[in-house]
Amino acid sequence: MSLDTSFDFLLKPIFLHGFSAALHMVLLLFLLVLWVVNVVKEAGEEGSKETLRQRKVSWYKQTLGCCFAVSAFNIVLCLLSYFYQYRNGWSEEKLVTLSDYVLKILAWGAICVYLNCQFSNYGELKRNEGEDALLEEPFLSGDSSVSNGVELSKKRGGDTVTPYSNAGIFSILTFSWMGPTIAAGSKKTLDLEDVPQLDSRDSVVGLFPKFRNMLEAADGEGTGVTTLKLVKALLFSVWKDILWTGLFVFMYTVASYVGPYLIDTFVQYLNGQWVFKNEGYLLVTAFFVAKLVECTSQRWWFFKLQQVGIRLRAVLIAMIYNKGLTLSCQSKQSQTSGEIINYMTVDAERVDDFSWYMHDLWMVPLQVTLALLILYKNLGLAAIAAFVTTILVMLANIPLGKMLEKFQDKLMKSKDERMKATSEILRNMRILKLQGWEMKFLSKIIGLRSVEEGWLKRFVYTNAMTSFLFWISPSFVSVATFGACILLGIPLESGKILSALATFRILQEPIYGLPDTISMIVLTKVSLDRIATFLRLDDLQPDAMEKLPRGSSNTAIEIVDGNFSWDLSSSSPTLKDINLKVFHGMRVAVCGTVGSGKSSLLSCILGEIPKISGTLKFCGDGQEKVRVLEGCSLKKDLEILSFCDQTVIGERGINLSGGQKQRIQIARALYQDADIYLFDDPFSAVDAHTGSHSFKEVLLGILSSKTVIYVTHQVEFLPAADLILVMKNGSITQAGKYNDILNSGADFMELVGAHKKALSALDTVEAGSVSEKRVSEGDGASGSANGEMLKEGNENGKVDDDGPKGQLVQEEEREKGRVGFSVYWKYITTAYGGALIPFILLAQILFQVFQIGSNYWMAWASPVSADVKPPVTNLTLIIVYLALAFASAFSVFARSMLLNTAGYKTATLLFKKMHLCIFRAPMLFFDSTPSGRILNRASTDQSVVDLTMPLLVGAFAFSVIQLLGIIAVMSQQYYISSARELARLVGVCKAPVIQNFSKTILGATTIRSFDQESRFQQKNMELMDAYSRPNFYVAGAMEWLCFRLDMLSSITFAFFLFFLISIPKGIIDPAIAGLAVTYGLNLNMLQAWVVRNICSMENRIISVERILQYSSIPSEPALVIETNRPDQSWPFCGEVHIHDLQVRYASHMPLVLRGLTCTFPGGLKTGIVGRTGSGKTTLKQALFRIVEPAAGQIIIDGVSISSIGLHDLWLRLSIIPQDPTMFEGTVRSNLDPLEEYTDEQIWEVLDKCQLGDEVRKKEGKLESSVSENGENWSMGQRQLVCLGRVLLKKSKILVLDEATASVDTATDNLIQTTLREHFCDRTVITIAHRITSVVDSDMVLLLSQGVIEEYDSPARLLENKSSSFAQLVAEYSMRSK
């Protein structure tokens, strides 16, 4: 005998299994000895903390889980091996194998118990130590703010120990760590502070640095982020969890097929054909254990995948946010803020959704393989027919999947367009209402939505077809398989048929799911491509600025032969041949006409404009950052604000005047104590007195030793500069001191000449030359007296209530408690008054009847065994089954089409209703509601109503029809209160993430200038964790409930099986009992489906609730009152009479205007002046009824404006606003959005406002494009476009709201001249800070703290040297000469 053959026994299965059994026996004995030693040791000593620390097992949870999985897997193998052996006979080898499996189960189970016992003490100690540390920390740090554990976790992004992170193995397996949260939610309404903090492994604070490092490592060559590199970084950041879920998926798949495999054996046992006496009990135990493994593994598969999704979404959003902070200007031009927000709200969410499909690619082939093996065991070659029909059904899904993918892509693109337009409209809603254009822009949104609805309709009906295929696929496969059996002569016994039916039902999922999985993979790839493309966009040039060490040079800023361009593809640079040297401590003024490049010069110093050539050297403070300064002193404004420095500022500073915004900015900049300060026209939006005060106190005082570069349109601030730069067409044309350059070039002389021309108006007025059009003294006197009387009232305008409800911006409203039945009722009755609902339910009932009927028919009509005569022929058997299958197919098709029709119609109607309510809401709603809240409803919630709600409502109704479990409903009551509030918190917590990102994109330059990127990144992470927390606990709560329901159904199923094997033979037909077992296999799935659908529906119905919430916003007054429409020629002369006008912005806020009475004469020019916050802008808003009077009235030519429709008022008035607004579109659409004027009229107006030549240079002329917010036009050019709008409209009354604040004096003179020429016979009301803009008015109204201080002609007010207006003019004249 050779050496090879002598060792052959080592490879024989009997030796391998015997050796394995011996090793596991040794392992068991070792664990026993270890346990005895520990017991003896602990009995002799109490054990210190140090001892317990040493007992920590590294990777204990992972080790514990692996041991448990191995033990569970061996249980399944042991049972399968046992049943295989007793069916095929016993042998010595088979007994050894079985013994091996038993010892493996015991050994690995013992390890699980040992590890859990050893670590439970450590976990308890860790919790206690954590609590001790929390108690000690405030005393150590001296910071009382951290004494509260919740506060600490809020600040640190979830370092606090959470129930999940310290849970033991039993608690983790059963989701018992969710118990306290569920219990709390059943007793009270959960708020965010009631939701435990995230584990540090789930917090983006801990995850993001690791992900970023992995992405940087993947991009080691520095070629940029590709989709592959992004996928690698994402997978490696969660690889452990992916492997765990893969193990759970495998265990679930194998365990789920144990039932179908054993059904035939069970039916044969009930028929009296058993191998040994207690075979039935062993079968029941096998069913039960397989069910437990299936349920537990499925629960953890689902939970861990949701956890993975939350983590991936969080790191992607953090990455997108950080990228948004560093984008170059050119990159920003290629991406609108709406598109960037979509990367966060849509694409990152889709990656989260993909986590559900992560394992499907290998799970589906495994499921199909196992199913075919079972079918081959029972039906022989007929399994080939099952395989072929399965492939055919999958192939039928592929074209539908491609169509779905195409329609979804188009749907997302059309949604992007709608959201981009919605975002822009919400930002500019004030100007739309002032112009009376809001309904026109609403029709634009409706038009974009109609395109979206077209794709939505295609999508939902195609989806209905895929749903139809899903429900009929088991019937189709079973008909083909049973037909093949008849053709091949394979006997159809009831046990084999029931096994096949149970297999087909499981096979239904992969058949339907594979195309969906492929579609999701493609969609996720598209999203990852989009994100990777965004991450590859160019950042700001890191080498644009050479930073020198502080103190290394006496030069603060030096530019040599610098050429810079906002658009690198343009042949003409924005700034050309810039040479500039600024020494430390110098004051440098930058001046020039509109569009000359002044602001661009500051941007290039900040490194914001791409550098084409030249050098830029910078020697600044220790932080090596330049501080942007755009405002002035703030103390008096804080006294006016209702809550001083605790006043909540609305979105984009909506509740602050232009001057107040700038004051806050200067205070913010001064706190930085930088070496270099930049001003970008800081005094344009403040009154003359404040401008003078700020210039002296700040530039000449606080910053006297600092390097300051300031852009200004006000020539009076130029003489104080050490160096003046005059700019024209992107170049510095003159440089030097005021007197040196005064006569050295035409450009500076042009600016100074315009200024002197404006000053000459002051001299004329002071000399007593007044307009011939006079106003009676009575008007002026009454205004003044009225003002003095009211000044004695509430001087500072504060309210008594200092609580948060007095703030303008309130916390987002959230419904609490059970979602009302009215929400469900409104949803199901919105479309066709609910007429389709009975037909949908009838179709589902018929489908269920035909489904159960077809299975019952097959069980009844086929023999239990081959020796029993069948009650019907094979032909009759298959024909009846085929008829029932077709009937159920028709029913499910009708149900799918009707359901999707109702859902589509409902989504359409709810969208229109909500948007109409939003557009008709008063301006206060937009002032106090951040746009993120509205966008969240228009995007996320609307998507739920479009795509998810019809399926959920339908699934709920259908699953209840399938299974009405009273116990499930009872347990759901305890759970649902927590789940519902957690779902609401998800909706509430998402809006701040969107809102913060939107604000960051708009203010990225300022954030970078103040070196605050890290603070804003940290804020984004805190908001992301606040959003992830309820998401995580929603997932945990769902699995907590489903696990308990699974256990309940498994135990119920086991009792039912014990009952079947306990009753005497012959009482129950074995075939019908087998059919019951077939349905019982799905009991846990059906029960979980019912409750999951109930819970998902209640969670998602919150989106409907939120949309309905914004569909019932109190509307502003009617646009048109048919019974009281003014005459077509109204206003006739434009006289405005104001009587006892009192205005407040909300009922809980103080009066802003407090009893104004005066008259603006028709056809004359009235100037309104007053320091920032005096009420000038509020008076304008009252005139346009943006805010309604609390008392008093405004009468125009005998008509009270409160008695007519808003559009009748808005379309008869014109306004040039303080913030010049342009919309994305064309030059024509910006001048004439209502399409009322001809090309000739538009060109004529463009020439009048000096824009004609500029537009003619553009390739598209009137159709040339305007980018988002008009960013490809300068501020001054945008203001001239606003002038063009009013010239087209030719209203009798024109309001100028600080309309020339952003333009130079020459352009200001141009606008004033144009207005004098074309509005000489019209009423012009000018709100201005430039005295020269109002000094030639016929009347001047001076407001102070919401009352009239003075009102008379300029000449009369100037005659009284003690008048406030005279002092204002004198100060302006003095500083300007």
Side-chain angles (χ1 to χ4, degrees), residues 556-557 559 575 578 580-594 596-606 608 618 620-621 625-633 658-659 661-670 672-688 690-728 732 734-738 741 747-748 751-752 755 1005-1006 1009-1010 1274-1276 1301-1305 1329-1330 1375-1376:
I557 297 168
I559 304 176
L575 298 175
I578 302 296
L580 173 64
K581 195 168 190 178
V582 179
F583 296 100
H584 286 292
M586 282 184 68
R587 279 192 299 275
V588 180
V590 184
C591 58
T593 57
V594 168
S596 59
K598 304 181 294 299
S599 297
S600 294
L601 180 63
L602 297 190
S603 294
C604 96
I605 294 172
L606 285 168
E608 293 289 325
F618 166 83
D621 64 339
K625 272 285 183 179
V626 181
R627 309 300 179 183
V628 175
L629 185 61
E630 296 180 324
C632 37
S633 57
K661 292 177 195 174
Q662 291 193 332
R663 290 157 195 257
I664 287 173
Q665 301 229 40
I666 188 172
R668 181 170 62 194
L670 288 175
Q672 306 300 317
D673 190 27
D675 285 351
I676 300 175
Y677 286 83
L678 303 187
F679 286 70
D680 192 356
D681 200 11
F683 310 120
S684 61
V686 297
D687 56 84
T690 304
S692 297
H693 173 77
S694 299
F695 188 79
K696 289 175 185 174
E697 294 296 321
V698 178
L699 263 76
L700 304 182
I702 300 171
L703 303 179
S704 57
S705 62
K706 306 286 187 180
T707 305
V708 179
I709 301 177
Y710 61 98
V711 168
T712 183
H713 288 130
Q714 289 149 299
V715 176
E716 59 268 25
F717 293 136
L718 295 178
D722 300 315
L723 175 66
I724 299 172
L725 306 176
V726 183
M727 299 200 69
K728 187 173 185 180
I732 299 175
Q734 291 176 265
K737 291 200 171 186
Y738 186 86
I741 64 173
D747 297 327
F748 189 60
L751 293 172
V752 175
H755 176 64
T1005 301
T1006 304
S1009 302
F1010 278 83
S1274 75
M1275 184 74 80
S1302 304
V1303 298
D1304 58 88
T1305 310
H1329 288 139
R1330 285 185 182 171
R1375 85 174 189 196
S1376 302

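Each residue takes its place number in the sequence, starting with 1.
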*asked:* Do Asp675 and Thr707 make a side-chain contact, defined as non-hydrogen atoms from C-beta onward lying under 4.5 Å apart?
replied: no

*Only counting residues at least two apart or in another chain, list the ones meeting side chain to side chain contact (heavy atoms under 4.5 Å, CB included) with Ser596.*
Thr593, Lys598, Met727

*Straight-line distance of Leu723 CG to Leu725 CG, nearest 0.5 Å*: 4.5 Å

*About how many Å separate CD1 of Ile605 and CG of Leu678, when rounded to the nearest 0.5 Å?*
5.5 Å

*Is there a side-chain contact between Phe618 and Ile676 (heavy atoms, below 4.5 Å)?*
yes

*Return the set of residues passing side-chain hydrogen bond (donor to acceptor under 3.5 Å, both in side chains) with Ser603 (not counting sequence neighbours), or none when no residue passes.*
none

_Residue list, side chain to side chain contact (heavy atoms under 4.5 Å, CB included) with Lys737, at least two apart or on another chain_ = Asp740

*When rounded to the nearest 0.5 angstrom, what is the spacing between CD in Glu608 and CG in Leu602?*
11.5 Å

*Considering all heavy atoms of both residues, which atom of Ala720 and which atom of Tyr710 are nearest to each other, and what is their separation?*
C-OH, 4.3 Å

_Cys591 to Leu718 - nearest heavy-atom pair and separation_ = SG-CD1, 4.1 Å

_Evaluation steps, side-chain contact (heavy atoms from CB on, under 4.5 Å), between Leu700 and Arg587_ = CA-CA 9 Å; Leu700 304 182; Arg587 279 192 299 275; 3.6 Å; yes

_Is the shortest side-chain heavy-atom distance between Ile578 and Cys604 below 4.5 Å?_
no

